[in-house]
Each structure stands twice: as structure tokens, then as C-alpha cells.
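All remarks here apply to the structure that follows.
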Amino acid sequence: QVQLVESGGGLVQAGGSLRLSCAASGRTFSRYTMGWFRQAPGKEREFVAAVWWSGGITYYADSVKGRFTISRDNAKNTVYLQMNSLKPEDTALYYCAVPESSYTLPGSMGVNPVGYWGQGTQVTVSS
């Protein structure tokens, strides 16, 4: 069975940093785009960032561009999200995701169907 397990969430003050990790098992996603979504209370889930299988192509939501960095280690079947300069509005449950299609580009991950979701890791940023 495929599993995506996130870790690294927590409570941090505004301006601080966190690094999220998502370890996949049950299937190798080295040829798939991988990415992150988030959902704040009372809001719909939104796309955050995605990285192409090679790691050379990335795409970010405007709200996190310049502050967050997505990366991956295909040998470990793991994707990361380095979050810097965190703001209270970044508070959300962060989900790791893999698209249904291996042809999904990072820039399309926010609109294309997701094949697998992690259970989420909570990020809370205090003001």
C-alpha cells in the first residue's frame, strides 16, 4: 500500500522556520512530480509548492514564493518543504501529495487530480 507520511510540523513564532518532510512508501515516485498543499480552518485546501521528478523544475503559490523551498531526494523517496520567514497566515495543516499522472507538471499540480495524500502535519505560526 502507498503511504505518504509527513513530519516536521510544529509551533513557531512569526519569522521563524520549519522544515517539513514527506516520506513515501509502497511505491517509488522518482518519475512523478511531488508537492505540498495546505488547509487552514474554514478554508479550502490550497496548493503550496511542487517539484518535478528531476528536482530542476519547481512551482510555488504566490503566497509562499521567496519564502518556501521545495526539494526532493529520490533515493529516499522523500520530498521536503523548507519554510522560512513564516507568517501567521501560514498556519494550516500541510499535506504531501502525488498527482495521479506522472506527466503532471509542477505548475499544473494545483488543478490536476491528486492520486495520493498524506495525513497532514500541523504548522502553527504565532504572532
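When reading the values below, keep in mind they use all heavy atoms of this one structure, side chains included, and skip hydrogens, waters and symmetry mates. Worth saying up front: this structure is predicted, and the values here are computed from it rather than measured.
- Ring planes of F68 and Y94: tilted class, angle from 30 to 60°.
- Annotation: cation-pi pair R72/Y80 absent, no NZ/CZ under 6.0 Å from the ring centroid and within 45° of its normal.
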Using a 3.5 Å cut-off and no angle test, enumerate the donor-acceptor pairs between side-chain atoms of residues 98-109 and protein atoms at least two apart in sequence or in another chain.
from, atom 1, to, atom 2, distance (Å)
S101, OG, Y103, N, 3.1
T104, OG1, S101, O, 3.1

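- Looking at heavy atoms from C-beta onward, M83 lies out of side-chain contact with S17 at the 4.5 angstrom threshold.
- Taking the side-chain hydrogen bond (donor to acceptor under 3.5 Å, both in side chains) definition, one finds that D90 meets it with R38, R67, sequence neighbours left out.
- Not a single donor-acceptor pair under 3.5 Å links the side chain of D73 to the backbone N or O of V79.
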For residues 4-15, dump all side-chain donor-acceptor pairs below 3.5 Å to protein atoms at least two apart in sequence or in another chain.
from, atom 1, to, atom 2, distance (Å)
E6, OE1, Q119, N, 3.1
E6, OE1, G120, N, 2.9
E6, OE2, C96, N, 2.8
E6, OE2, G120, N, 3.1

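- Placement of V123 and V64 within a single hydrophobic cluster is found when ILVMFWY residues are connected by side-chain heavy-atom separations under 4.5 Å, directly or transitively.
- Residues F37 and Y60 do not share a hydrophobic cluster, defined by chaining ILVMFWY side chains whose heavy atoms lie under 4.5 Å apart.
- To the nearest 0.5 Å, atom OG of residue S127 and atom NZ of residue K87 are 14.0 Å apart.
- In Y59, the OH atom is not crowded: 12 or fewer heavy atoms of neighbouring residues, nucleotides or ligands sit closer than 6.0 Å.
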(message) side chain to side chain contact (heavy atoms under 4.5 Å, CB included) for Q3 and Y116? Distances and angles first, verdict last.
(response) CA-CA 8 Å; Q3 278 191 297; Y116 302 98; over 6 Å; no
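- Linking Ile, Leu, Val, Met, Phe, Trp and Tyr residues whenever their side-chain heavy atoms come within less than 4.5 Å places L20 and V125 in a single cluster.
- Between the side chain of T78 and the backbone N or O of K76 there is at least one donor-acceptor pair closer than 3.5 Å.
- Across L93 and T121, no two heavy atoms sit closer than the pair CD1-C, 3.5 Å.
- In this structure, Q122 places its CD atom where more than 12 heavy-atom neighbours from other residues, nucleotides or ligands lie under 6.0 Å away.
- Cation-pi check for R45 over W117 is met; the charged atom lies under 6.0 angstrom from the ring centroid and within 45 degrees of its normal.
- Annotation for Y95 and G118: closest pair CD2-O, 3.3 Å, computed over non-hydrogen atoms.
- A donor-acceptor distance shorter than 3.5 angstrom exists from the side chain of N77 to the backbone of F29, with no hydrogens or angles considered.
- If you chain together hydrophobic residues whose side chains sit under 4.5 Å apart, F47 and V114 fall into the same group.
- Both W36 and L86 are part of a single hydrophobic cluster, where members link through side-chain heavy atoms under 4.5 Å apart.
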(message) One pair to check against side chain to side chain contact (heavy atoms under 4.5 Å, CB included): L81 and V48. What are the steps and the verdict?
(response) CA-CA 10 Å; L81 186 67; V48 176; 4.2 Å; yes
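- For K43, the NZ atom is loosely surrounded, since the number of other residues' heavy atoms within 6.0 Å does not exceed 12.
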